[in-house]
Participant: 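To start, I am sharing the structure in question, which I have written as structure tokens.
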Protein chains: 2
Amino acid sequence: MTDSRDNKQAIISGALELFSKKGFDGTSTAEICERAGVTKPTMYHYFGSKEGLLDDILLIHYKSFLDNLSMAATLPEDIPLTFFRLAKVYFDNALRDEPFFRFRAGLTLRNGEDTAYISSKKYIEQEGKIITDFFYTASQHIGNIRGKETLCTISFIGTINATISAYLQTGDEALVSDDTIYRLRQQFLYGIYS
Amino acid sequence: MTDSRDNKQAIISGALELFSKKGFDGTSTAEICERAGVTKPTMYHYFGSKEGLLDDILLIHYKSFLDNLSMAATLPEDIPLTFFRLAKVYFDNALRDEPFFRFRAGLTLRNGEDTAYISSKKYIEQEGKIITDFFYTASQHIGNIRGKETLCTISFIGTINATISAYLQTGDEALVSDDTIYRLRQQFLYGIYS
DNA sequence: ACATTTGTATACCGTTCGGTATAATATGCA
DNA sequence: TGCATATTATACCGAACGGTATACAAATGT
């Protein structure tokens, strides 16, 4: 018997790549299985349903991402440091796991009834909460963002994602460098809403 | 007989709203017809296929959007003015036609094999060309963005869309005000890459 | 050695999908 | 009025979808 974890992992990573390119509804279970080199009963043996597979994918990838975000925000009073760390988690995660970034980013601007969005909603909200909490802490020391914590959050995530997307399209590594983070930090904390 | 344009328009606007919420692949033709109050043969009489309907929707909405963008860029040498006008087209269009914005924005970060993305690709490229052309003109007068025209384009579109999305979620009208455009302009032309 | 668990393959099911054949109905024009 | 042209409704099609019953093969624990 081949190692079961190989097949399971092949299904997960292959499916995520397909979802990120063609969307959840645009990808068939047959396609997922063919790409992973398994048959449908094998996939249903592991995940129970197409949505179960999606849930597993989201759980695994979001857990690592959100854990890293939370760890980056353990010293929220050190505002410049925390901003830097948070942005770095976004960059690192996207470079290490491009399909997951594409999948995530494609959902961020779509707040509707898309199957994949509904399943991702709770994680997107957790992500938002971590960033919002940080901006609330920051606003206690930096007056000009007070009252704008929510919009700081949305703009922060949107701008970071746009920057990563720009890197993935152009290959310009300067985009995901520390310098970029310094500039974004300057804008968000001291410039953008003054 | 009811006015045919009513039905045709009802199908178009209803379908766009469904597509923006549930995605193209996640919306069934039966759903589209039910919402528009017509039967499937009626829809197929007008549009030939589900993709034909999508193409018509894209043609109508993108034409207006791209025309406005082109008109905003008729004086590219006046860089501050053109930047302002371009951003304003994005804001105005999104406020006037929210479903189309959501649909567009949901595709921007997803460069893959999604059905809706493939059909939209040519328009997205036209949009990109208009903005890129502007930044090339601007870079002839503003040295610090030279060589970064493509990434300026992607970041500009991404940041604008993130800002609009923030407005749609928070309802904070200050986000889509002229002041926001002034700040973005300052950042993009004189601050962000210096 | 053998029962049990785990994983895989063949073949298939019911449903929903996009799409259509047919015919009835409403309108514009003669 | 009656003909021609659009437009709509009923009813249906083949294909693809998500999902499964069954049985068999490989590993594991005793």
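These values consider heavy atoms only, across backbone and side chains, with no hydrogens, waters or symmetry-generated copies. Lettering follows sequence order; numbering is per chain, from 1.
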Participant: Quick check for you: among dG19(C), dT10(C), dT8(D), whose closest atom lies nearest to any side-chain atom of Pro41(A)?
Facilitator: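 In terms of side-chain proximity for Pro41(A), the closest of dG19(C), dT10(C), dT8(D) is dT10(C).
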
Participant: List, by chain and then residue number, the residues other than Leu81(A) in its hydrophobic cluster (Ile/Leu/Val/Met/Phe/Trp/Tyr, side-chain heavy atoms under 4.5 Å); write none if there are no others.
Facilitator: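 Leu81(A) clusters with Leu75(A).
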
Participant: Do the side-chain N or O atoms of Tyr46(A) get closer than 4.0 angstrom to the phosphate oxygens (OP1, OP2) of dT8(C)?
Facilitator: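 For dT8(C), OP1/OP2 do have a side-chain N/O of Tyr46(A) under 4.0 Å.
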
Participant: Nearest whole Å is fine: how far is dT10(D) P from His45(B) NE2?
Facilitator: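 Checked: the NE2 to P distance equals 17 Å.
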
Participant: Mark yes or no for a side-chain to base donor-acceptor pair under 3.5 Å between Lys40(B) and dG19(C), with no hydrogen or angle criteria applied.
Facilitator: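 For Lys40(B), whose side chain was compared with the base of dG19(C), there is a donor-acceptor pair (under 3.5 Å).
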
Participant: Whole-Å distance between dT7(D) C1' and Asp6(B) CG?
Facilitator: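 Rounded to the whole Å, the gap is 13 Å.
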
Participant: Calculate the interatomic distance between Glu34(A) atom CD and dT8(C) atom C1'; express it in whole Å.
Facilitator: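 Between C1' of dT8(C) and CD of Glu34(A): 17 Å.
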
Participant: Among dT7(D), dA9(C), dG19(C), which is the nearest nucleotide to the side chain of Thr42(A)?
Facilitator: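 Side chain of Thr42(A) sits closest to dA9(C).
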
Participant: Between dC17(D) atom P and Ile32(A) atom CD1, what is the distance in whole Å?
Facilitator: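 So the two atoms are 11 Å apart, to the nearest Å.
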
Participant: Between dG18(D), dG19(C), dG7(C), spot the one nearest the side chain of Lys50(A), thanks.
Facilitator: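 Selected nucleotide (nearest to the side chain): dG18(D).
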
Participant: Please give, in whole Å, the distance from dT10(D) P to Met43(B) CE?
Facilitator: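 Rounding to the nearest Å, CE of Met43(B) and P of dT10(D) are 18 Å apart.
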
Participant: How long is the span from the CD1 atom in Ile32(B) to the CD1 atom in Ile12(B), to the nearest 0.5 Å?
Facilitator: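 Result: 11.5 Å between the selected atoms.
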
Participant: I'd like to know if Asp178(A) and Lys88(A) make a salt bridge, using a cut-off of under 4.0 Å between side-chain N and carboxylate O.
Facilitator: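 Salt bridge present between Asp178(A) and Lys88(A).
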
Participant: Which nucleotide wins on minimum distance to the side chain of Tyr44(A), given the candidates dG18(C), dT20(D), dT8(D)?
Facilitator: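 Selected nucleotide: dT20(D).
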
Participant: What's the CZ-P distance between Phe47(A) and dG18(D), to the nearest Å?
Facilitator: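 Roughly 15 Å, once rounded to whole Å.
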
Participant: What is the distance from CG of Asn7(A) to P of dT6(C), rounded to the nearest Å?
Facilitator: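 So the CG-P distance, Asn7(A) to dT6(C), works out to 16 Å.
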
Participant: Just call it for Thr39(A): base, sugar-phosphate, or nothing, with non-hydrogen atoms closer than 4.0 Å on any strand.
Facilitator: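 Base: the residue Thr39(A), judged by heavy atoms under 4.0 Å, touches a nucleobase.
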
Participant: Quick check on dA16(D): is either OP1 or OP2 less than 4.0 Å from any side-chain nitrogen or oxygen of Ser28(A)?
Facilitator: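 False: Ser28(A) side-chain N/O out of range (4.0 Å or more) of dA16(D) OP1/OP2.
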
Participant: Taking the basic N atoms (NZ, or NE/NH1/NH2) and the acidic carboxylate oxygens, is any pair closer than 4.0 Å for Arg102(B) and Glu17(B)?
Facilitator: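 Not counted as a salt bridge, because no side-chain N and carboxylate O are separated by less than 4.0 Å.
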
Participant: Output the rounded distance in Å from CD1 (Ile11(B)) to C1' (dG18(C)).
Facilitator: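 Computing the Ile11(B):CD1 to dG18(C):C1' distance gives 15 Å.
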
Participant: Can you list, by chain and residue number, the hydrophobic cluster partners of Met71(A) when the side-chain cut-off is 4.5 Å?
Facilitator: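 Joined to Met71(A), directly or through intermediates: none.
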
